[in-house]
There are 2 protein chains.
Amino acid sequence: MTKDVSTERKILEAAREVFIQQGMAGARMQEIADKADINKALLHYYFRSKDLLFERVFMETLQSNGPALFGILGKEMPLKEKLMQFVEHYVELMKNNPFMPLFVINEISRNPEKLFGKIGSQVSQVALGLGLQLKAEAAKGTIRPIEPVDLISSIMGLCVFPVIAKPILRPVFGLSEEDYNKFLERRKKEVPVIIWNYLTDKSTNE
Amino acid sequence: MTKDVSTERKILEAAREVFIQQGMAGARMQEIADKADINKALLHYYFRSKDLLFERVFMETLQSNGPALFGILGKEMPLKEKLMQFVEHYVELMKNNPFMPLFVINEISRNPEKLFGKIGSQVSQVALGLGLQLKAEAAKGTIRPIEPVDLISSIMGLCVFPVIAKPILRPVFGLSEEDYNKFLERRKKEVPVIIWNYLTDKSTNE
DNA sequence: GAAAGGTTTAACCAATTGGTTAAATTTTTT
DNA sequence: AAAAAATTTAACCAATTGGTTAAACCTTTC
């Protein structure tokens, strides 16, 4: 009989937890082994080095979430619809993996080259497509002209900040855990409103 | 004659650079000593331990920027004016210290308790004042009703994300360093527009 | 039941790193 | 010039940590 859960999987899950909470520098191989309920020797038997293990975990993290999320932006769909779906998915994703955004940003900052070869090109493709749609809509006059970077940065900033700054926001604004969750839920509705208002604003059009 | 620059200051500047770029875990005392142009023994002679040195640098970082920045929100001033001044200062601050926001977020995440006693209460005070102003304006009907957390998170998210995600945004959107700087400058005008549109939007008022 | 592969145990190694120490040297103060 | 304080040198220590090794022990496969 094969093991209920493959040891490799067990290791990867454990490593993911530890890496995400401690970062590459702070993570300890021993802690990963403990959390996976095996010993260090076996850990190295499966993944020769910390670097290899990290590489694997990091790429899995990106690949298991990136395509689905940015896929939304690539679909044939009205802008407003895209916007709402993207935000809904994005906020929900981060609610379930609160340490992920900081982890991803940190590790990409630490080693920017690694990114592009793997998933960067796909995302660039999506960005290109989105750019065309934005131009077309602007030409029709349904939205103001805007660069893709500006739009994406705004959306992601509005979604990401409440999650990565949770340890600051909660004490400063005196939010209970429940208050904070309500706040996050609110974002799902509010972010699209903010963005859509901005996109369709006439007052600052040229 | 006293030294041109006090050794303590030299150490703190060096430490600040190293800590901000490598984080507490990644920083090396030797590197700090080298950058300060002294030796490790003297480094420990001035600051007994890495923890003490870090504590000092971290608090200086917060205290030298926080009050001025959040002070703007506490002033007696029309909302729109506050908004514009805050964004202008905030983006400029981050342009000159690009590693700061990630550093602050990371270290507060690592040790949330430390924050509140030192600067948290001041910021809370400001938040309270801002809350009153928002309520008053909403009562007058000049803006939609909104919670302080929602507003602050939105503003900061819009300003911070372009900076912390620079290593992602640049390759993905194929921005040159110059393109990126233009993008950042653009934020100073655009963020207030985004927020003000949102605050004065009638379509989703209740 | 033998062979192969997965897993544990436990000791060990080398490198890194925070921190110490003591003596010598230089600079500043008095 | 003497005393005090700042700084260097260089060796050293102890703890942590990534990684290895070899033998034994299970478990699966054939």
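Letters A, B, ... are given to chains in the order of the sequence lines, protein chains preceding strands, and every chain is numbered from 1. Just the heavy atoms: all of them, side chains too, but no hydrogens, waters or symmetry mates, feed the values below.
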If I take atom [atom1] in residue [X] and atom [atom2] in nucleotide [N], what distance separates them, rounded to the nearest angstrom?
X	N	atom1	atom2	result
K40(A)	dG18(D)	NZ	C1'	6 Å
L43(A)	dT20(D)	CG	C1'	13 Å
L42(B)	dT27(C)	CG	P	14 Å
Y46(A)	dT20(D)	OH	C1'	18 Å

Would you please name every residue forming a side-chain contact (heavy atoms from CB on, under 4.5 Å) with L52(B), sequence neighbours left out? R48(B), S49(B)
If only side-chain N and O atoms count, and only distance matters, is there a donor-acceptor pair under 3.5 Å linking E185(B) with N181(B)? no
Can you confirm whether the side chains of S154(B) and R187(A) place a donor and an acceptor under 3.5 Å from each other? yes
Counting the benzene-type ring for Trp, do F161(B) and F161(A) have ring centres under 6.0 Å apart? no
Tell me whether the OP1 or OP2 atom of [N] has a side-chain N or O from [X] closer than 4.0 Å.
X	N	answer
N39(B)	dT7(D)	no
Y45(A)	dG6(C)	yes
R28(B)	dT16(C)	no
T7(B)	dA6(D)	no

Is it true that K166(A) and E177(A) have a side-chain N and a carboxylate O under 4.0 angstrom from each other? yes
Among dG19(D), dT9(D), dT8(C), the one nearest M29(A) by side-chain distance: dG19(D)
Go through dT8(D), dT8(C), dG18(C) for me and flag the one nearest to the A41(A) side chain. dT8(C)
Is A27(B) touching bases, backbone alone, or none of the nucleic acid, heavy atoms closer than 4.0 Å? sugar-phosphate
Looking at DNA chain C, which of residues 48-59 of chain A put a heavy atom within less than 4.0 Å of it? none
